[in-house]
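These notes concern the structure reproduced below.
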Amino acid sequence: MIQIKDLTKAYGGKRALDGLYLTLGTGVTGLLGPNGAGKTTLLRCLATTLAADGGSVDAFGLDPADRVQRTALRRRLGYLPQDPGFYPHFTAFDLVDYVAILKELTDPERRHAEVRRVLAEVDLIGQARTKVRKLSGGMRQRLALAQALLGEPDLLILDEPTVGLDPEQRMLFRALISRIGESRTVVLSTHQTEDVAALCERVVVMRSGRAVFDGTPGELAGIAEGRVWLSDEAPAISTLFWRTADGRYRTLGERPPSADATRPGVEDGYLMLLGEAA
């Protein structure tokens, strides 16, 4: 449904995207990568808020480089940026209603029904008349998600969507996004490997503007197979280790003396793949 070919974008002399190739379809795809890997730049190109320097994006047969097709594509996508802007004196309802007007939902009755629907989806219907400046950080993040859900977009683009969410809100977010991903395309960038493991059927790891891994969370975890250990004593030499809640030491890398192998997770595979860059 979405094809990205040889996409490039540079800021000054540094390439944020360096000939990226990627195909996205129905389902939830998670983007992982260290800071500066190009994740946000890619999402901004997909959301048509940033023009690439080279290469192409084909989304639902539409080319965002063309002005008319770009407008048509914007009608079919929802975008939660990393740093959403808020009008602090708007109420939650008025803010989402304002975005709905920008998205050409012109009939007041239908538009207001859609605003109430998305506020209910993110559990903010009770705060609909609360001013944005009085909302907590987690509530503002959910409000940003609500505006992205307007119009049931075919493509949902989420940049660090779970920042500020408590465990219950994070669970509700996962349930909502997994349901949307059953029939639509969702792309989310995150540093939370546990969200990727719990939510995404596909994960793409980026580094220096390129995709260095594209597969399932299980396949990413498998990169660390046979390289994760538990021991009762801190290893003298190791790539990486830390003391766990039960008092044992979890080591990633070479096997310490008297250590037992343990099952790797997505984070282990990610760290093994990127090394110090992670």
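- No donor-acceptor pair under 3.5 Å is formed between the side chain of K131 and the backbone N or O of P88.
- The main-chain N or O of G253 is found under 3.5 Å from a side-chain atom of R227 such that the two form a donor-acceptor pair.
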Kindly indicate, with the supporting measurements, whether the criterion side chain to side chain contact (heavy atoms under 4.5 Å, CB included) is fulfilled by L143 and V96. CA-CA 8 Å; L143 185 62; V96 180; 3.5 Å; yes
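- Listed here is the closest heavy atom pair of T251 and P235: OG1-CG, 3.5 Å.
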**OP:** Check step by step if side chain to side chain contact (heavy atoms under 4.5 Å, CB included) holds for V203 and V266.
**Re:** CA-CA 10 Å; V203 56; V266 170; 5.8 Å; no
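- Between R110 and D107 no salt bridge is recorded (no basic side-chain N to carboxylate O distance below 4.0 Å).
- Formation of a donor-acceptor pair under 3.5 Å by the K103 side chain with backbone atoms of L150 is found in this model.
- Between E114 and R111 there is no salt bridge, since no side-chain N of the basic residue sits under 4.0 Å from a carboxylate O of the acidic one.
- When atom types are taken as modelled, the side chain of K5 and the backbone of S56 share no donor-acceptor pair closer than 3.5 angstrom.
- In this structure a side-chain-to-backbone donor-acceptor pair under 3.5 Å is present from R210 to D18.
- Residues C45 and L17 are in side-chain contact: their nearest non-hydrogen atoms beyond the backbone lie under 4.5 Å apart.
- Residues passing the ring-ring contact (aromatic ring centres under 6.0 Å, His included) test with Y87 are F90, Y98, sequence neighbours excluded.
- Between F86 and A144, the shortest heavy-atom contact is CZ-CB, 4.1 Å.
- Between the CZ atom of R117 and the CD1 atom of I125 there is a distance of 11.5 Å, given to the nearest 0.5 Å.
- Distance check, rounded to the nearest 0.5 Å: CG of D97 to OG1 of T91 gives 8.5 Å.
- Rounded to the nearest 0.5 Å, atoms CG (L156) and CG (L77) are 9.0 Å apart.
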Please determine whether side chain to side chain contact (heavy atoms under 4.5 Å, CB included) holds for the pair V115 and L105, giving the CA-CA distance in whole Å, both sets of side-chain angles, and the decisive distance to 0.1 Å.
CA-CA 10 Å; V115 171; L105 301 177; over 6 Å; no
query: After noting the C-alpha distance and the side-chain angles of E160 and T190, does the key distance pass the side chain to side chain contact (heavy atoms under 4.5 Å, CB included) rule?
result: CA-CA 5 Å; E160 298 289 348; T190 182; 4.1 Å; yes
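- In this structure, the side chain of Q141 engages the main chain of P161 through a donor-acceptor pair within 3.5 Å.
- Among all heavy-atom pairs drawn from V132 and R140, the shortest one is O-NE, 3.2 Å.
- Considering only residues two or more places apart in sequence or on other chains, D166 meets the salt bridge (charged side-chain N to carboxylate O under 4.0 Å, His left out) condition with none of them.
- With no hydrogens or angles considered, no side-chain donor-acceptor pair links T48 and R70 at under 3.5 Å.
- Residue I177 is tested with L172, T162, V186 for a side chain to side chain contact (heavy atoms under 4.5 Å, CB included); the sole match is V186.
- For the atom pair T41 OG1 and R15 CZ, the distance stands at 13.0 Å (nearest 0.5 Å).
- Taking the ring axis of F93 as reference, the NZ or CZ atom of R116 does not stay both within 45° of it and closer than 6.0 Å to the ring centre.
- Within the 3.5 Å criterion, the main-chain N or O of V28 finds a donor-acceptor partner in the side chain of E201.
- Using modelled atom types and a 3.5 Å distance limit, the side chains of T40 and D159 yield a donor-acceptor pair.
- Using a 4.0 Å cut-off between a side-chain N of Lys or Arg and a carboxylate O of Asp or Glu, E219 and R202 do not qualify as a salt bridge.
- Residues A59 and L73 approach most closely at CB-CD1, 3.7 Å, considering heavy atoms.
- Ion pairing between D268 and R250 holds under the 4.0 Å rule for side-chain N and carboxylate O.
- Considering T26, L24, D58 as possible partners of M1, the one that fulfils the side chain to side chain contact (heavy atoms under 4.5 Å, CB included) test is T26.
- When all heavy atoms of Q147 and Y79 are compared, the pair lying nearest together is NE2-O, 2.9 Å.
- Here D154 does not pair with R184 in a salt bridge; the nearest charged N to carboxylate O distance is not below 4.0 Å.
- The CD atom of E267 sits 9.5 Å away from the CD atom of Q192 when rounded to the nearest 0.5 Å.
- Taking a cutoff of 4.0 Å between a charged side-chain nitrogen and a carboxylate oxygen, R263 and E225 do not qualify as a salt bridge.
- At distances below 3.5 Å, not a single donor-acceptor pair connects side-chain atoms of R67 with backbone N or O atoms of T71.
- Side chain of T8 to backbone of G54: a donor-acceptor contact under 3.5 angstrom is found.
- Interatomic distance, L274 CG to S208 OG, rounded to the nearest 0.5 Å: 9.5 Å.
- When every heavy atom of S189 is checked against every heavy atom of L43, the shortest pair comes out as CB-CD1, 3.6 Å.
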